Amino acid sequence: MSGRSKLLCAFLFSLLAAGMFIGGFCAEAAEPVVKIGFLGPITGSDAAEGAAARNAFMLAISEANKSGEFPFKIEVKEVDDQSTENVAVAGAQEIVSESDIVAASGFWNSGPAAASIPVFKEAEIPLLIWGAIRESLTNAENVPYITRSAPTDKQENIPLAVKVLDEMGYKDWFIVSDVGSYGDGNFNAFKAELAARNITPMGEERVPEDTTDLNAVVQKIKASGAKAVYCGSTVAIGSQLKRQLFEGGVTGILYCGISGMKTEDFLKIGAESAEGTLVVSPGVILEDTTEGNNFIKLYNSQGYSEPIGAFTPYAYEAALILINSLRACGEKPTAEAMTKAILSGKTTGIMGTTTFNSIGQTENVAAYLNVVQDGAWIPLEKSEYKEGGKRAFGGK
Amino acid sequence: MDMFFGLAVSAILLGCTYTLVAIGFSLFFGVMDVVVFCCGDIAIFGSFAIMGAYVASQSAGLFGILPFWVCVILLILIGAVFCAAWGLITHQFSIKPFRNSSELMPLLSTIAMGTVIKEVLGLLFKPAVNTISTAFGGESAVTVVSGRNPQGFPPLLLPGGTTNARYLIIIAITAAILLLLFLFLNKTKMGMSMQAISQNKELSLMTGINVSRVIIITFLIGGVMLAISGFLVGSYQKLMSFDDGAMYGAKGFSAAVVGGLRNTWGAVVGGMLLAFVEVFVSGYIPRGTAYSSIMAFVVVVIFIVFKPDGIIGDKSVEKV
Amino acid sequence: MTDLNRSPDSSGSQVVRMPEKILTIACNLLVFTLAFLMLRLPYKFSLTLVALVIVALLYIERSGAINAVFSLYIRNKKLAALSAIIFMLAIPVLLARFRYQSHIAVMSVIYAMVCLGVNFQMGSANMVNFAPAAFMGIGAYSMGVVTVKLGVSPWFGLLASIILCAAAGLLIGLPTLRTKGYYLSLVTMALQLAFTQLIKNIPYIGGPNGLSGVKALNIGGFSLYKSYTFFGAKLAPHFFYLIFCLLTLTVLYYVAVRVSISRYGLALNNIAQDEIAANCLGVNVSRYKLFAFLIGAVFCGIGGALYASLTSFVGPNDFTFARSLIFICMVILGGMDNPAGVLVGAFLLTVITEKLRDFSDYAQLIYALLLVIILVVRPSGLIPKRVRNYCALFGRELLPSPQQQDAENKSS
């Protein structure tokens, strides 16, 4: 054995020894706690929604810990899914491998949710979805492990359809969505609503998610003579389409859409361009209820840099549901007991009373409409666009 | 007919944005024989720089002192400085080290550099957003979480004017720049040197052209071009995202290849062709928008396979 | 003459042979212990270890010691392979109770398969293929369609993945016959970008929603991905899956090494160096280029199928351009045209990504900077490609040994 290889050997072994040494130090100490998992897009393209939801979720848990009601400490294992499927799956594995985990809540994006659900089912850990709206996530096969406190895309589109189709009576529709999962769900949901009323859209268009130039779609809408445009997409497409419609001179129409557009970013296209956009939001108007107002006050008093988003109250509500289920499980909650407690539980939180139906979907479906008026989002009922108000939507 | 006209205008506008990025590719490729893949990202960085400078100058009251158009030109120059700086950084760290290695090395390293530029942009705008969005939005006190959210671009082109006039200005500026570039390349000594290097590097070295100086100048000119294209893209889109650059990069490179790398006019033709394909597929095929960019890429693949020299590229002869 | 023959293997006295065997086993033990520790330790320690390993690799490469290691392995190749397989199979056993770590291990094994595939094109033939994620996607979707839509055994899914990926590799390889360099890269880039868009527009395979309920591979009703209880201890569901993936990777690695030392590997290197010269030498350039794409696509497809079968979900967002860049990054980090290096690159980058979860806002920036730094400082990667040592590899000697020479002299 030459000197060099001896040296090499010595070096490698010292490395190995160092590794073992470090390894010896990391034995994990167990604490008497109950753990709950939280998943959401805390970084990445949907960070604003995910981080706000995380804040609200943690807030509810820390309130519960402060109250001294439980004989154990509730700890949250927080995992970032980055809106990406493979990251979410690894994160789900990380959560279910925690030792004292009894339940998890997660997902704003439907793709990561769909990818991670098998992990939770296999590990028999209950997952309460707080923000992903694809309808197929809750189904008979996923019960009892998968439940959802947020509305599905179908449930979210119904109030909008009732308003614009039944009450306002628009008949000439052009529907646009992105080709992504969110757009696909909304597209099909709204199209089904139209079909139920025997309306065939005058045109339909699906755009890739990274499209910024929608002038061709605008020209199509112009040529079709539609009186109302539905956009089932997020703010990126929704705001660009509205702006380009405005600049293309297509102003005398109704422009409506889904909660994904109801963000402050939408208003960046300018007050004039954004004016009159009608959007449905899930949940209740928080300002109108005492619980809602308390939540807003509590949230804002924490000094978070992320404002309350459309699904932030749902994350808070999900935490309340889990806390309520922990109450039902007594001193030593297990995942099995939690699964039953969540599904059969009845929780009254900031958005009303939540119960789950046989496939684990919430029966508490509330939604309200918002409109952009002078560069701000205002609930329809409080705006000048309400029935008999000063302003009216186009296309009538 | 009305629709055709509308679509054609959209296509030309989109083509303008592609063209300017594609010219960046052509210029760099001509002088250095490498594909600088981060052109799109540099352009987007330029437009974000203009955005930031706009806020700064507004708060400094610059717009009250100087005439509006002077301010706009100053802002574009600031953007150009940033773009040129990124160009030089790219040259220094991801092109120069690979002079003697395989041609794919600079391609990979400039893609990586593009990601660096993009991510720096995403991180940079994190703390500053609050002031920016309130400054020119003016509608409400907006809190934006991160630079990864879409950003509004200031209305620097014809504020308050009608849309069509703005579109005309975008087209006019692009045409003017093309003209200036053409004059520069064909009428000045520096431009001639660039062309000479593009045609034969060894020979131009022999005739006494300072190649490294020309490369630096090319990056400066390319930087200005990219800043202007970033400015036009911003004025056209009005809402920008930090990661738009990758798409512009891919489309710009495609346009340059379709038109013929090394050829400035090829970039124009290629950019317009791609834009027309995209817009008309989107406009005339029912539910075609979903397939518009796929079609654009199909066109690219067809061109590369059957006419790799591009529409008006010179026949390349392989040197052994 | 004597100089040439003084290479260690021909000096072969038993005294030196014995510790050499121990040394080989020790090296393998070290490699797999390090891998295990990186998986198992919390992120601070794990990343420190990763950094140490990278520094160590750079050091032993610079000092030339890596040649000693490689020739050690080559000389004792049977022992090295055997002990490596044994140690490798110890990892799933050690990780049996830790499902998260097992998951990372499976993912790194799957990525390693894809990277081996990329290596055929990028490493050996210098054709940068920007579409490995698309190939992986084809494999994953074949698996998904076969098990979800057609409802047949996942083994048929694996078969379908291989066949479809081979076909796709040929199809995408065809344009490469007419193009090279940037143009080839742009073709693959365009195909990758178009692939993601196209998948979202096909309702049959779930469009943007993907396919759920892909079946895990099973052997006679015995599912490979399932949590079993052994002697009262609940094993991670990945246990058997990880073993299966490791064995598959071993087979693929063997294939990759055999290709690399065969005339196929030589021909691909020849094309990478100079296509025209290769042509002049009588290398059938088209055939070898197609071969590189075909076999690369099959490797990516197997990786994709195993991935789909693991997560039981296939969606379009897992197979994007960004993903392709990560694979390319792994290959460059590990060492182009060196299968062992590729494995190291894939493993290290997977571990780094997982352990840096909390800093994912910076992940892209870190990747990009890492890529630029590697390309500038060390374009050949952590474990660069080696000169093929055929003599040692096949136990033959280039020149007759002194004894033989003596014998010849005597006879003549």
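Residue numbers start from 1 in every chain, and the chains themselves are labelled A, B, ... in the order their sequence lines are given, proteins ahead of strands. Scope of the values below: all heavy atoms of this structure, side chains included, with no hydrogens, waters or symmetry mates. No experiment lies behind these values; they were computed from the predicted model shown.
Contacts between F98(C) and chain A at a heavy-atom distance below 4.5 Å are absent for every atom of the residue. Using a 4.5 Å cut-off between heavy atoms, A92(A) does not touch chain C at all. Looking at V79(A), only its side chain comes within 4.5 Å of chain C, counting heavy atoms on both sides. Heavy-atom distances place both the backbone and the side chain of E94(A) under 4.5 Å from chain C. Of the atoms belonging to Y100(C), heavy atoms from both backbone and side chain fall under 4.5 Å from chain A.
Note that OG of S212(C) and CZ of R134(A) are 7.0 Å apart. Values are rounded to the nearest 0.5 Å. Here the OG1 atom belonging to T43(A) is positioned 10.5 Å from the CD atom belonging to Q364(C), to the nearest 0.5 angstrom.
You'll find the side chain of H103(C) reaches within 4.5 Å of the side chain of V89(A), heavy atoms only. Side-chain atoms of H238(C) and Q93(A), non-hydrogen and from C-beta on, do get closer than 4.5 Å to each other. The closest side-chain heavy-atom distance from E122(A) to R99(C) is below 4.5 Å.
Taking all atoms of both residues into account, the shortest heavy-atom contact from F313(C) to A115(A) is CD2-CB, 3.2 Å.
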Please evaluate residues K200(C) and R206(A) with respect to the criterion side chain to side chain contact (heavy atoms under 4.5 Å, CB included), reporting the C-alpha separation (whole Å), side-chain torsions for both, the decisive distance (0.1 Å), and the verdict.
CA-CA 10 Å; K200(C) 287 185 183 168; R206(A) 313 277 299 272; over 6 Å; no
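Summarising the local packing, NZ of K121(A) is surrounded by more than 12 heavy atoms from other residues, nucleotides or ligands at distances under 6.0 Å.
Taking non-hydrogen atoms and a 4.5 Å limit, the residue list of residues 202-210 of chain C in contact with chain A, ordered by number, reads P208(C), N209(C).
For residues 310-321 of chain C, the salt bridge (charged side-chain N to carboxylate O under 4.0 Å, His left out) pairs, not counting sequence neighbours, are D318(C)-R323(C).
Using a distance-only test at 3.5 Å, with no hydrogens or angles considered, no donor-acceptor pair links the side chain of E85(A) to the main chain of N317(C).
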